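Report on the following structure.
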Amino acid sequence: MYCFRAYSWYQHIRSHGDPIANNYTFHTVITANDSSPKPLRDLRNRCLNPGKYSHYLERWLGEYSAHQLHVLDGSLLRAEPATAMNALQKFLKIPHLDYQKLLKYDPKKGFFCQAVSNEKTKCLGKSKGRIYPPMEDRSVKFLRRYYTPHNTALSKLLVRLGRPVPQWLKDELSNG
Ligand SMILES: Nc1ncnc2c1ncn2[C@@H]1O[C@H](COP(=O)(O)OS(=O)(=O)O)[C@@H](OP(=O)(O)O)[C@H]1O
């Protein structure tokens, strides 16, 4: 989901020793303006642009017809990966694999992981699902306001395409 996408990128780049991410807080990065130093503006854009989902969808729709595109809700993939994978398999018309059996929630990792046996799981590496402090409230507030036009456009686009509007997007727009 858009705001965690931004924060995740900031944390990702920070853990790779990026000097800008290490010298400036997430809030300073996302609130950088056009008179801020270029490296700060560049990082801001790298954090903020990927969450403008309607923009990218419109571009894909310029190249492909709607029925060729499957929209996958990342929050659903994280919370209920088997449900998300079922829908994807149906869309791709590929033989059904039961991800309910293939995946298992790993409380230590805090994510669903590959079920290796009854006891064991094989999770993604350290760089996926990192542990970091929660986002500051003021950043959440800033991002919610910043993304309102993008989220409104996304909701309209999904309705136009006859696709379900994800729960997070419904919540976001109704709590406006
Ligand atoms: N099963 C499972 N295990 C681990 N991580 C999971 C999983 N499902 C979803 N995620 C989320 O995926 C995020 C990493 O995805 P990306 O590689 O696209 O992000 S990034 O390029 O590193 O920003 C990663 O972001 P971070 O939590 O910031 O590490 C997770 O939130």
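Because the structure is a prediction, the values reported are computed rather than measured. Each ligand, and each atom within it, is numbered from 1 in the order the structure gives.
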Sorted by chain and number, the residues that approach ligand 1 to under 4.0 Å with a heavy atom
R5, S8, W9, H12, R78, F111, F112, L124, K128, G129, R130, Y132
Any residue meeting disulfide (SG to SG under 2.5 Å) with C113, in chain and number order, not counting sequence neighbours
C123
Taken in chain and number order and not counting sequence neighbours, the residues that satisfy ring pair (Phe, Tyr, Trp, His ring centres under 6.0 Å) with F26 are Y7, Y10
Between the side chains of R44 and D34, is the shortest nitrogen-to-carboxylate-oxygen separation below 4.0 Å, so that they form an ion pair?
yes
SB check E58 R160 (cutoff 4.0 Å):
yes
Is a side-chain donor or acceptor of S65 paired with a backbone partner of L61 at a separation under 3.5 angstrom?
no
Partners meeting side-chain hydrogen bond (donor to acceptor under 3.5 Å, both in side chains) with E136 (sequence neighbours left out)
R138
